[in-house]
Amino acid sequence: MDLMNRTVLIIGGGSGVGLGVARVCLSRGARVVLAGRTPAKLERALAALQVGERARAVAADVSREADVVGLFEQAADVEHVVVTAAELAYQPIRDFDVEAARRATDSKLLGALLVAKHAARRLRAGGSVTFTSGVASDRPLVRGAWVAALNGGLNSFVRGAALELAPIRVNALSPGWVDSELWDAVGVDKAPLFAAMAERLPVGRIGTPDDLGHAAAFLMENEFTTGAVLTVDGGHRFV
Ligand SMILES: NC(=O)c1ccc[n+]([C@@H]2O[C@H](COP(=O)([O-])OP(=O)(O)OC[C@H]3O[C@@H](n4cnc5c(N)ncnc54)[C@H](OP(=O)(O)O)[C@@H]3O)[C@@H](O)[C@H]2O)c1
């Protein structure tokens with residue numbers, strides 16, 4: 001199944017990996033619906049994509065069930081869903097702000113449950129849902145233990161969801177480091193960190209949103225892939 005004339009809903013599509021997924025889907029002839037909480041960010045993304053009516057945006061918070069229901073109502077023709085939305089918390093365990101941990105859990109894990117629940121009611125056979133976990137499940141940053149737990153939980157969730165939602169396919173994409181707004185929440189000076197990591201990685205560079213978009217397109221198009229965690233990390237797990 002190729003993406004030509006398919007509609008792809010990208011929750012988190014206003015920036016970073018989600019915007020990369022949108023670019024790759026559009027390059028393959030799909031229509032995209034971008035979702036996120038901040039209308040101005042979505043408008044900026046639409047302006048950057050420059051594809052007219054082939055891309056539109058809907059404001060929604062993936063951790064609120066009413067928003068997820070509304071999203072599927074407004075994107076009634078959707079065939080594939082990709083979720084990159086996450087509001088992450090990087091903090092030392094000893095001082096962790098529990099409300100920040102709850103928000104992270106709601107956006108990344110509860111949000112996945114809500115999307116799976118309502119996608120199951122809306123998508124046709126042949127459709128797919130792709131969630132985004134991350135290299136932290138194997139290689140956590142210091143102060144990133146909760147992010148590691150959420151990514152690991154999501155990897156486990158897709159295995160069960162793939163069984164329950166069949167014939168809809170459910171997978172996870174697990175990125176390595178990608179330059180995006182997410183790093184603002186990590187609270188590090190990312191330029192030297194990225195340069196040092198690029199030197200260690202077998203591929204010699206960190207990832208781009210389009211690297212991940214390409215992998216998400218594979219998960220949408222490949223009809224024999226479900227319950228998979230596709231690692232796209234430039235070899236990060238082994239260095
Ligand atoms: N970048 C990396 O190095 C990296 C590495 C491993 C894994 N990942 C994973 O890749 C995914 C995407 O990250 P990214 O790098 O693309 O970060 P990003 O640029 O911050 O993108 C996340 C997007 O999700 C949206 N979002 C956040 N919370 C939301 C919510 N509750 N409901 C709806 N939308 C929400 C954000 O927009 P609003 O704030 O406007 O809602 C934003 O556009 C995340 O799951 C992250 O854990 C990233």
Side-chain angles (χ1 to χ4, degrees), residues 9-24 32-46 48-49 57-68 70-71 75 81-90 100 102-115 130-141 144 146-155 157-158 172-188 190 193-194 197-198 201 205-213 215-216 229-234 236-237:
L9 169 61
I10 306 165
I11 307 175
S15 64
V17 172
L19 192 50
V21 174
R23 272 192 296 270
V24 173
V32 298
V33 180
L34 310 181
R37 294 168 302 178
T38 316
K41 190 187 286 187
L42 296 172
E43 287 309 317
R44 274 198 303 277
L46 289 181
L49 291 172
V58 180
D61 182 336
V62 75
S63 65
R64 295 187 183 178
E65 186 160 20
D67 283 19
V68 174
L71 200 47
V81 182
V82 179
V83 186
T84 62
E87 180 186 342
L88 298 178
Y90 294 85
R102 246 190 259 284
R103 282 197 302 279
T105 309
D106 283 359
S107 67
K108 198 145 185 176
L109 265 188
L110 183 72
L113 175 64
L114 295 176
V115 170
T130 301
F131 295 106
T132 310
S133 59
V135 68
S137 63
D138 291 316
R139 301 297 304 271
L141 287 169
W146 196 243
V147 176
L150 297 176
N151 286 340
L154 200 48
N155 289 343
F157 177 69
V158 299
L173 180 61
S174 181
W177 288 8
V178 177
D179 193 0
S180 75
E181 290 174 19
L182 174 144
W183 284 87
D184 300 342
V186 183
V188 289
K190 67 180 181 182
L193 205 61
F194 282 177
M197 179 55 77
L201 289 177
R205 63 172 178 83
I206 63 155
T208 66
D210 290 37
D211 290 328
L212 277 303
V229 176
L230 177 57
T231 298
V232 181
D233 69 352
H236 188 145
R237 279 169 309 154

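Order of listing sets the numbers, starting from 1, for every ligand and every atom in it. We use all heavy atoms of the structure for the numbers below, so side chains are in, but hydrogens, waters and symmetry mates are not. For clarity, every value in this text was computed on a predicted model and none was experimentally measured.
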(request) Looking only at non-hydrogen atoms, find the nearest pair between Val24 and Asp210 and report the distance. (result)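 In this case the closest contact between Val24 and Asp210 is CG2-O, 3.9 Å.
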(request) For atom 43 (O) of ligand 1, state which one of Ser15, Ser63, Pro39 supplies the nearest heavy atom. (result)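 The option holding the nearest heavy atom is Ser15.
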Give me the nearest non-hydrogen protein atom to [atom] as residue plus atom name, then the distance to 0.1 Å.
atom                    : value
atom 31 (N) of ligand 1 : Asp61 OD1, 2.9 Å
atom 37 (O) of ligand 1 : Lys41 NZ, 3.1 Å
atom 40 (O) of ligand 1 : Thr38 OG1, 2.5 Å
atom 24 (O) of ligand 1 : Ala85 CA, 3.3 Å
atom 22 (C) of ligand 1 : Thr84 O, 4.0 Å
atom 14 (P) of ligand 1 : Ser180 OG, 3.5 Å
atom 10 (O) of ligand 1 : Thr132 CG2, 3.3 Å
atom 13 (O) of ligand 1 : Leu182 CD1, 3.6 Å

Report, one line per pair, each donor and acceptor closer than 3.5 Å where one atom sits in a side chain of residues 12-22; sequence neighbours left out.
none

(message) At under 4.0 Å between heavy atoms, is it the side chain or the backbone of Val147 that contacts ligand 1, or both, or neither?
(response) neither
Quick one: which ligand 1 atoms are inside 4.0 Å of a heavy atom on [X]?
X      : answer
Trp177 : 3 (O)
Lys108 : 44 (C), 45 (O), 46 (C), 47 (O)
Leu88  : 47 (O)
Gly16  : 16 (O), 19 (O)
Gly134 : 6 (C), 7 (C)
Val62  : 30 (C), 31 (N), 32 (N), 33 (C)
Gly12  : 23 (C), 24 (O), 25 (C), 43 (O)

Output yes when a side-chain donor or acceptor of [X] lies under 3.5 Å from a complementary backbone atom of [Y], and no otherwise.
X      : Y      : answer
Thr132 : Val83  : yes
Trp183 : Val178 : yes
Ser180 : Leu182 : yes
Ser107 : Glu87  : yes
Asp211 : Thr208 : yes

(message) Under 3.5 Å between any N/O of Val178 and any N/O of ligand 1: does that happen in this structure?
(response)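 Between Val178 and ligand 1, an N or O pair is found under 3.5 Å apart.
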(message) What I want to know is whether Val17 and ligand 1 share at least one N or O pair that is separated by under 3.5 angstrom.
(response)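 Indeed, backbone or side chain, Val17 has an N or O that close.
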(request) Kindly check if the number of other-residue, nucleotide or ligand heavy atoms within 6.0 Å of CZ (Arg64) is above 12? (result) no
Any chance you could measure [X], atom [atom1], to [Y], atom [atom2], to the nearest 0.5 Å?
X      : Y      : atom1 : atom2 : result
Leu110 : Arg103 : CG    : CZ    : 14.5 Å
Leu34  : Glu43  : CG    : CD    : 9.5 Å
Asn155 : Thr231 : CG    : OG1   : 7.5 Å
Arg102 : Ser63  : CZ    : OG    : 13.0 Å

[X] heavy atom under 4.0 Å from ligand 1:
X      : result
Arg103 : no
Gly13  : no
Ser133 : yes
Ala60  : yes

(request) State, with a plain yes or no, whether a side-chain heavy atom of Trp146 is found less than 4.5 Å away from one of Thr105. (result)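 With C-beta onward as the side chain, the pair touches.
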(request) Report the residues that fulfil ring pair (Phe, Tyr, Trp, His ring centres under 6.0 Å) with Tyr90, sequence neighbours left out, ordered by chain and then residue number. (result)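 Partners of Tyr90 under the ring pair (Phe, Tyr, Trp, His ring centres under 6.0 Å) test: none.
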